[in-house]
Visitor: 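This is the structure I want to talk about, given as structure tokens.
Chain A is the first sequence line, chain B the second, and so forth, proteins listed ahead of strands; every chain is numbered from 1. In this text, all values refer to a predicted model and were calculated from it rather than measured experimentally. Values reported hereafter were calculated over all heavy atoms of this structure, with side chains retained and with hydrogens, waters and symmetry mates removed.
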2 protein chains.
Amino acid sequence: MDIQRKDVHNSDLPVLCQACESRHRGVCGALTPDQLLQLSKHSTRRTLEPGAELAGESIQTKTYSNIISGVVKLSKMMADGRQQIVGLQFAPDFLGRPFRKENGVSAEAATGVKVCSFPKQVIERMIGEMPELEHKLLEQTLDELDEARNWMLTLGRKTAGEKVASFLLLIATHAFPDNESDSVEFELPMSRMDIADFLGLTMETVSRQLTKLRADGVIRIINNRHVEVPDIARLSDRAGM
Amino acid sequence: MDIQRKDVHNSDLPVLCQACESRHRGVCGALTPDQLLQLSKHSTRRTLEPGAELAGESIQTKTYSNIISGVVKLSKMMADGRQQIVGLQFAPDFLGRPFRKENGVSAEAATGVKVCSFPKQVIERMIGEMPELEHKLLEQTLDELDEARNWMLTLGRKTAGEKVASFLLLIATHAFPDNESDSVEFELPMSRMDIADFLGLTMETVSRQLTKLRADGVIRIINNRHVEVPDIARLSDRAGM
DNA sequence: TGATGTCCTTGATTCTCATCAAGTCAGGCA
DNA sequence: TGCCTGACTTGATGAGAATCAAGGACATCA
């Protein structure tokens with residue numbers, strides 16, 4: 001019940017959603033108090049375990065969700081089982097594909113995740129009434145497109161070492177978007193295998209590159225998940241930026 | 001000037017743009033005749049040579065454009081010169097980033113290209129007046145996001161051979177979106193080097209994989225650019241689909 | 001006709017990362 | 001306490017793609 005405000009970093013939004021008890025940009029940020037109240041009636045909150053599936057690749061989903069806390073991974077799979085994670089979504093992102101029948105990607109909780117879901121119908125009707133809402137969706141979609149294209153550069157042209165450094169940088173940035181200091185620490189939101197699937201590598205290569213970064217003093221790792229970065233600029237160098 | 005209708009495949013749009021003398025989905029498809037007339041006054045048509053730059057990575061662009069014919073490549077570059085093509089845009093796509101100052105990617109003509117350009121201001125004002133226009137933009141942006149994510153799977157998880165086959169399939173699909181027969185032929189819109197930059201490979205590897213596809217009878221290549229695919233299903237197999 | 005340049009192909013070698021196989025570590029549980 | 005399990009690390013080996021280096025093919029131009 002006590003939603004941490006720090007989870008919700010993009011807090012220039014004035015409205016507090018009745019359903020999620022949270023501010024977020026995905027959808028609710030654009031709604032009027034009346035609409036929020038109406039939305040609240042149709043929305044449900046859920047808590048998901050790591051690994052729980054939110055949506056399948058070609059399954060029709062009847063709901064949209066706002067991520068309240070946690071990290072969701074979006075992935076695609078080939079017929080023979082090779083997998084690629086094509087995006088990560090953090091609170092307070094919006095989850096779901098407006099005006100599309102199929103998802104195109106499957107969505108799975110990477111960490112424990114809290115979401116606030118509501119039926120497509122309701123949101124799509126509201127979009128019709130409120131151009132502002134559609135504008136929000138366009139903005140988020142443009143952001144996701146930027147991230148996807150940045151990641152294409154990473155996948156296509158970076159070495160294993162640069163990829164792993166880029167990943168750490170990405171997580172650090174999303175965990176503390178406003179970080180000013182030159183050091184940072186955070187928890188990795190996913191397993192070595194997931195990281196490998198995100199970077200187009202194998203688990204072993206990810207492990208080796210992490211070991212190398214550690215040996216070179218660029219990072220410290222405690223307990224397999226907790227990462228300390230004493231000097232972000234050095235990590236950034238390693239990422240090829 | 002006799003714009004070929006076949007260039008504009010998404011022809012469910014009723015309106016013929018006065019400026020471009022063409023139907024297309026990018027923007028004009030959503031406008032009223034009055035607005036089209038108004039837009040015509042501000043728009044200019046340009047013909048670009050292959051290699052001509054339409055927009056730089058961090059340069060502010062003051063115009064939007066519809067692609068009338070030809071192929072535009074969107075790319076990102078690292079400090080040391082490594083390059084990745086992050087998207088291809090075909091007629092009748094819309095080119096430009098609504099509501100963003102910077103492009104994030106640089107846009108360059110891959111083939112000879114005809115575009116119809118107009119000032120950002122004009123379009124952004126029209127968007128304010130017409131939610132329908134914003135909806136069109138959202139739809140295109142969602143399409144581009146899908147394509148980007150599909151390509152991430154290709155970049156991260158496919159072998160060199162699968163990548164090259166995937167590329168050929170992509171071009172075939174865009175050149176003839178409604179193709180029903182099981183054979184197809186087309187012109188490659190870009191050089192081996194560009195293909196390599198799109199696939200995250202070297203020129204030499206692209207060349208070798210094309211040679212192998214040819215040796216196996218999956219494709220025929222005439223004059224370095226003209227490609228014949230006798231059996232699309234075989235090519236599709238090679239692409240790992 | 002031959003010289004030049006560009007784009008592409010082919011060959012030889014190197015190197016990065018995947019694969020296969022142990023081995024380590026921490027937590028859960030009898 | 002010791003065993004078990006799952007997640008991660010480390011090591012040895014090999015395959016696939018990059019790199020380095022020639023060698024065509026084709027057009028332009030003198």
Side-chain angles (χ1 to χ4, degrees), chain A residues 49-51 73 78 80-84 110-112 154-168 187-216 219-227 238-240, chain B residues 49-51 73 78 80-84 110-112 154-168 187-216 219-227 238-240:
Chain A
E49 295 298 305
K73 57 188 198 205
M78 293 175 64
D80 61 5
R82 279 176 284 176
Q83 198 175 31
Q84 176 68 46
T111 63
T154 301
L155 288 172
R157 287 302 184 199
K158 292 192 184 175
T159 63
E162 290 170 334
K163 284 180 177 182
V164 171
S166 298
F167 171 75
L168 294 175
E187 301 292 318
L188 290 179
M190 51 215 256
S191 70
R192 302 293 189 269
M193 189 65 229
D194 278 346
I195 298 174
D197 279 341
F198 191 34
L199 294 169
L201 299 171
T202 59
M203 214 185 55
E204 294 93 329
T205 299
V206 171
S207 180
R208 276 185 252 267
Q209 295 300 332
L210 284 173
T211 302
K212 192 185 284 185
L213 285 173
R214 195 168 16 179
D216 295 351
I219 58 172
R220 284 183 57 202
I221 301 182
I222 300 160
N223 234 357
N224 276 341
R225 288 287 178 117
H226 188 87
V227 177
R238 290 305 196 98
Chain B
E49 295 298 305
K73 55 189 198 203
M78 293 174 66
D80 61 6
R82 279 176 284 175
Q83 196 174 33
Q84 176 68 45
T111 61
T154 300
L155 287 173
R157 287 302 183 201
K158 292 192 184 175
T159 64
E162 289 170 335
K163 285 179 177 183
V164 171
S166 298
F167 171 76
L168 294 175
E187 300 293 317
L188 290 179
M190 50 217 256
S191 69
R192 302 293 191 270
M193 189 65 231
D194 279 345
I195 297 172
D197 279 341
F198 191 36
L199 295 169
L201 298 171
T202 59
M203 214 184 57
E204 293 92 328
T205 300
V206 171
S207 181
R208 277 186 250 269
Q209 294 302 332
L210 285 173
T211 301
K212 193 187 283 185
L213 285 173
R214 195 170 15 180
D216 297 350
I219 57 171
R220 283 183 58 201
I221 301 183
I222 300 160
N223 234 355
N224 277 340
R225 288 284 178 121
H226 188 87
V227 177
R238 292 301 197 99

Visitor: Looking at B/Asn224, B/Asp194, B/Leu168, which one forms a side-chain contact (heavy atoms from CB on, under 4.5 Å) with B/Leu188?
Guide: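 In the set B/Asn224, B/Asp194, B/Leu168, the residue that makes a side-chain contact (heavy atoms from CB on, under 4.5 Å) with B/Leu188 is B/Leu168.
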
Visitor: Below 3.5 Å, does any donor atom in the side chain of A/Gln209 face an acceptor in the base of C/dC17, or the other way round?
Guide: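 No such pair is found, so the answer is no.
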
Visitor: Quick check: does any side chain N or O of A/Lys163 sit under 3.5 Å from a backbone N or O of A/Thr154, one acting as donor and the other as acceptor?
Guide: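 No: the side chain of A/Lys163 does not pair with the backbone of A/Thr154.
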
Visitor: Among C/dT9, C/dC17, D/dT9, which nucleotide sits nearest the side chain of A/Met203?
Guide: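 Side chain of A/Met203 sits closest to D/dT9.
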
Visitor: Scan residues 154-163 of chain A against DNA chain C and write down, sorted by residue number, each residue with any heavy atom closer than 4.0 Å; if none is found, say none.
Guide: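 A/Thr159, A/Ala160, in order of number.
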
Visitor: Taking only the side-chain heavy atoms of A/Arg208 (C-beta and beyond), determine which of D/dT9, D/dA12, D/dA17 contains the nearest atom.
Guide: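 In terms of side-chain proximity for A/Arg208, the closest of D/dT9, D/dA12, D/dA17 is D/dA12.
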
Visitor: Quick check: do B/Val164 and B/Ile195 have side-chain heavy atoms less than 4.5 Å from each other?
Guide: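 No, too far: nothing below the 4.5 Å cut-off.
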
Visitor: Can you sort out the partners of B/Arg225 under salt bridge (charged side-chain N to carboxylate O under 4.0 Å, His left out), two or more places apart, ordered by chain and number?
Guide: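 Checked B/Arg225 against salt bridge (charged side-chain N to carboxylate O under 4.0 Å, His left out); zero matches.
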
Visitor: Between the side chain of B/Gln84 and the main-chain N/O of B/Phe198, is any donor-acceptor distance below 3.5 Å?
Guide: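 Side chain of B/Gln84 to backbone of B/Phe198: a pair is present.
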
Visitor: Within the pair B/Thr202 and D/dA18, is there a side-chain N or O less than 4.0 Å away from OP1 or OP2?
Guide: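 Yes, within the criterion.
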
Visitor: I'd like to know if the side chain of A/Arg157 and the backbone of B/Leu201 have a donor-acceptor N/O pair within less than 3.5 Å.
Guide: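 Answer holds: yes.
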
Visitor: So if I take every side-chain heavy atom of A/Glu204 and compare against C/dT9, C/dA21, D/dA17, which nucleotide ends up nearest?
Guide: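 The answer is C/dA21.
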
Visitor: I want to verify a distance call: between D/dT10, C/dT9, D/dA17, whose nearest atom is closest to the B/Arg214 side chain?
Guide: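 For B/Arg214, the side-chain atoms sit closest to C/dT9.
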
Visitor: Find the distance A/Leu199:CG to C/dT16:P and express it as a whole number of Å.
Guide: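 Going from A/Leu199 (CG) to C/dT16 (P), I get 18 Å.
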
Visitor: Which is true for B/Leu201 with a 4.0 Å heavy-atom rule: it touches a base, it touches only sugar-phosphate, or it touches nothing?
Guide: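 B/Leu201: backbone/sugar contact only, no base atoms under 4.0 Å.
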
Visitor: In whole angstroms, how far is the P atom of C/dT9 from the NZ atom of B/Lys212?
Guide: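 Going from NZ in B/Lys212 over to P in C/dT9 covers 15 Å.
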
Visitor: Taking A/Ser207 for its side chain and A/Met203 for its backbone only, find out whether a donor-acceptor pair lies under 3.5 Å.
Guide: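 No.
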
Visitor: So what does B/Ser207 hit on the nucleic acid, given a heavy-atom distance under 4.0 Å: a base, only sugar-phosphate, or nothing?
Guide: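 Base, at least one base heavy atom under 4.0 Å.
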
Visitor: Near DNA chain C, which residues from residues 219-227 of chain A have a heavy atom under 4.0 Å away?
Guide: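 Residues of residues 219-227 of chain A that come under 4.0 Å of DNA chain C do not exist, since none gets that close.
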
Visitor: Rounding to a whole Å, what distance do you find between B/Arg192:CZ and D/dG24:C1'?
Guide: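 Rounding to the nearest Å, CZ of B/Arg192 and C1' of D/dG24 are 14 Å apart.
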
Visitor: Do the non-hydrogen side-chain atoms of B/Thr211 and B/Arg208 ever get within less than 4.5 Å of each other?
Guide: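 SC-SC contact between B/Thr211 and B/Arg208 ruled out.
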
Visitor: Whether B/Thr205 contacts D/dA18 is assessed here as follows: a side-chain N or O lying under 4.0 Å from the phosphate OP1 or OP2. Is that the case?
Guide: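 The answer is yes; a side-chain N or O of B/Thr205 sits under 4.0 Å from OP1 or OP2.
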
Visitor: Taking only Lys NZ, Arg NE, NH1 and NH2, and the carboxylate oxygens of Asp or Glu, determine whether A/Asp197 and A/Lys73 approach each other closer than 4.0 Å.
Guide: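 A salt bridge is absent here (no side-chain N lies under 4.0 Å from a carboxylate O).
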
